[in-house]
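Only one structure is covered here, and it is reproduced in the block below.
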Amino acid sequence: MFEEIGTTTEGDLIINVGPQHPATHGVLHLVITLNGETIKKVEPHLGYIHRSIEKMCESLTYRQFIYVTSRMDYLSAHINNHACALTVEKGMQIEVPERAQVIRVIMDELTRIASHELWWGAMAMDIGAFTPFFHAFREREKINEIMEETCGARLTMNYYVPGGLMAELHPDFQKKVKEFIVLFKRKIDEYDELVTGNIIFINRMKGVGILSKEDAISYGCSGPAARGSGVNCDIRKLYPYAVYDKVQFDEILETGCDSLARYMIRIREMKQSIRIIEQLIDNIPEGDFQAKTKAVLKLPKGEFYTRVETARGELGVYIMSEGATTPYRIKFRSPGFSNLSALDHMARGSKLGDLVAMMGTLDLVIPDIDR
Amino acid sequence: MIEPGLYHMLFISTTLFFIGVYGFFTRRNLVTMLMSVELILNSVNLNFIAFNKYLWYDNE
Amino acid sequence: MKKKKGKKKKKKTLLGRGEAIMSGSTVIFYLLAAITLVSALLAVTTRMIFRAAIYLLFALIGIAGIYFWLQYEFIAAVQIIVYVGGIVVLIIFSIFLTQQAGEQLPKQKLGRQLFAALASFCGLALVMLQLAQHAFVETGNKAIEPTVANIGTQMLGVEEGGYSLPFEVVSMLLLAALIGCIVIALKSKPETE
Amino acid sequence: MPGLPLSWRGNEGEVMWSLTNISSAIHDWLNQTFNPTWVMVIEMVIAGIAVIGLFAVLGLVLVLMERRVAAWMQIRLGPNRVGPFGLMQSLADTLKLLVKEGMTPDGADKFLFNLAPFIAMMVAMLLMAPIAFAKGFQLWDMNIGVLYVTAISSIMVISILMAGWASNNKYSLMGAMRSGAQIVSYELSAGLSILTIVVLTGSLNITDIINAQADGWWIFKGHIPVIISFVIFIIAVTAETNRAPFDLAEAESELTAGFHTEYSGMKFALFFLAEYINVFIVCAIGATLFLGGWMPFHIGNWEAFNHVMDYIPSSVWFFGKTFFLIFVIMWFRWTFPRLRIDQLLTLEWKYLLPISMFNLLLVTALAILGWHF
């Protein structure tokens, strides 16, 4: 499996990008075969941050296991929790109150914005622009503050429970979110000015990391990575959950198939997220934030599968229950893993500098890949 | 130490030339042979410069 | 002012035989000469090819230093631009691209080394003998002082000694031939699939 | 000096204090006390100490400036704890680097590995020689000043290639290769844009070039062609000093740290310092060629205005202009994304080089026809 680290017989250079490397944003190990600066092969080696989350979940109750998933794709913690809560609710046939559903959607979209903000900064840093990172974090900080007030945490949230939410919203929540919307709408244009319109940036992105529609489907890509190739795959539109069928928003599609398309998808998605939040923030219905559930949750015997749209793509949660208080088997279909698998296909024949741009636009979160 | 003059320059240039010749004979590698040739060329250049410096009529 | 005086004094002596003086400028000259010769010697004897290139670099810089010492600044600068900025970089690149730069070159046969050393030494001795026996005399011709303006005039001028630039441009032919050689050499590489 | 407008020459007493007066005072005193040989030796020692001192000060100032500029652009505060306003921060950093272990990787060519940072440093020091810091304040006013700078700065690439190869690290090697290709290419357009000023002035001597700007800086006198060559010069020197957006040699997201991946401690500090000194030097050269060096802001024959401008010491003018250009280069770094290696070479060979060649012809026509002011 491992080729000899060094030089191949054809005189190609083999370099290790990772496990500790600035471009991989985590402990991903890419073994890259290079001919000069041109990439011949990219071989991802995984498992450096594998924590057996799926196995751990089997020994945790249905109330407990949700919060372990915050540590998978830690940038979409709320959305991961949402997927698990939805699966349990599906199994238990719990009716979630309208208020909880709306708050969940608002939280999910805030998380999505926060995640895309971080992606935007980190990706800009990958291709050599340092400043966007700090600008993105300035706005992300606002979201983190909102989250902190309501959920008690800034990154790995424990706010969703099967049947609703764990606690009531913070009194300032609506006010702060509205303030954030006003601020963010102004700042997103600033982002475009700083990065999107830059000619160097466009040259670095355009035509880089081509992933055709067919390839995107066959590699199982999802989320912005697939939508950049024109694949209709937004779960929020295809299989609406919570209140996504009641709000107006567009599924963003680009047909560029390159890094620039994937970049534009995320930028435009942030605007759509704002649109969703705007529609909901003044219309949070009154009522319970949590459905009445039994103290001990037991899923009936059977298999349950739910999927949601995280910031990175489609997250599927599969639970096989034997009727006990803990799941018999849990499997997560994480978006990062499938997206990473397309990297080799995209990278072949391009330059080493393009690789970081591709990895940037795939928006890989390594714990999501390794779980 | 003697104050340097034309002969010093010629000595340096000749020595460089034959160092280059030695390298050219011993080396069996094209790049190193090129390096030796560079030394030879430079010794010739030094010769030219030295003659220009010391062998023209001083009409000051 | 000071420098001019020294120059005049120096110019009169082709070989300042006998008078052992120890001025700073003399020391610098011997230092430069030593750097040049030692680096050149190391460049042809070291078995590590990248180091050979670096020693060559020092030899070339030493020669540039001698030009500076002779107060031919323009030529010294050109020497550095052409040889250090151009040729040595070219050599280093060709080493990077074609050789296993980290490995030592194969040891040469003693016979060849002995022969080469003997031949070079004999040649050196012969030439030195000739130099010692020959008395150089100053010519009556006024040489062109190698200042920027003079060289420029020479290059573009149409008087006597002009037309240097067209002559230099012809050297492009050599470059073309060199590139042609590389192209031919690349093509003859056996294509193994 | 003949051919100069009276307004520039001024009287000795006009400038309240100048570096020239200080240096000539020292020179006179030494000449009275020692014999000429010793005077030269002492003066060399003084110059050496001055250069090293300037090096240290410049390094500290520029590193701090870079961090503060970066912080300012990135809406942070930057270093503000060590000393007043964080002024001592770079000193503390230097101390840290000094006591840090300088490691040599296994399998490295130790001799060349240790030599490379010193070559980088020596090149940066040599480049200081022809720069005119103030009116008449120059280490070596040589005939070929500008050419000397071009020549010596081409040695810089050797130290990077050496460091990259001797580290026995593939990232370093790739960084060195990139840097080699980059510096060798961009030297051409930097040289050509320097040449435009040489054509206009008719001299390679830095003093002559500055004196030619006594009635206005070249960037104002030379119309659009000089502005074009100024822009090309700034782009090319940014690339030559391996600064973003041309920092491919040390592109941290691709090659971790490029050619100095394996360097640590003082050896790294030398590379680091050399980079900043090089930035200073290229900016000083840019200021000298295009913005008149220490020459105050003069407008043609406006005697009174020029007279007022002369009251600002020439060293202030020089450092002001240089630091303005340094700020511009830092601004680039914290704004632009990095180019890819093929785009970098395309930019040079397809755009900058043809433009600067054509521009040189334009400037030559300008100089022959005397269309500049």
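Keep in mind that what you see is a predicted model, and the values were worked out from it rather than measured.
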side-chain contact (heavy atoms from CB on, under 4.5 Å), that's the test. Do B:Asn45 and C:Tyr67 meet it? Break it down for me.
CA-CA 10 Å; B:Asn45 283 355; C:Tyr67 294 163; 3.4 Å; yes
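Interface residue C:Ala52: backbone and side-chain heavy atoms are both found under 4.5 Å from chain B. Both the backbone and the side chain of B:Phe11 have a heavy atom closer than 4.5 Å to some heavy atom of chain C. Contact annotation for C:Phe121: neither backbone nor side-chain heavy atoms come within less than 4.5 Å of a heavy atom of chain B. Contacts of C:Leu118 with chain B are absent, with no heavy-atom separation under 4.5 Å from either backbone or side chain.
The closest side-chain donor-acceptor pair between B:Asn42 and C:Gln79 falls under 3.5 angstrom.
For OH of C:Tyr55, the number of neighbouring non-hydrogen atoms (other residues, nucleotides, ligands) closer than 6.0 Å is greater than 12. Within 6.0 Å of CG in C:Leu173 there are 12 or fewer heavy atoms belonging to other residues, nucleotides or ligands.
B:Thr26 and C:Val44 make their closest contact through OG1-O, 4.4 Å (heavy atoms, listed as atom of the first residue, atom of the second, distance). Closest heavy-atom contact between C:Ala116 and B:Phe25: CB-CB, 3.5 Å. Between C:Gly123 and B:Phe18 the shortest heavy-atom distance is C-CZ, 3.3 Å. Heavy-atom minimum distance, B:Ile19 versus C:Leu37: CD1-O, 3.9 Å.
Between the CD1 atom of C:Ile63 and the CD atom of B:Glu38 there is a distance of 10.0 Å, given to the nearest 0.5 Å. Taken to the nearest 0.5 Å, the OG1 atom of C:Thr45 stands 7.0 Å off from the OH atom of B:Tyr22. Note that CG of C:Leu131 and OG of B:Ser13 are 8.0 Å apart. Values are rounded to the nearest 0.5 Å. Separation of atoms OG1 (B:Thr14) and CG (C:Leu124) is listed at 6.5 Å; rounding is to 0.5 Å. To the nearest 0.5 Å, atom CD1 of residue C:Ile87 and atom CE of residue B:Met35 are 12.0 Å apart. With values rounded to the nearest 0.5 angstrom, C:Trp69 atom CH2 is found 5.0 Å from B:Met9 atom CE.
Ranking C:Leu70, C:Leu56, C:Ile91 against chain B, the residue ahead of the rest is C:Leu70, based on heavy-atom pairs under 4.5 Å.
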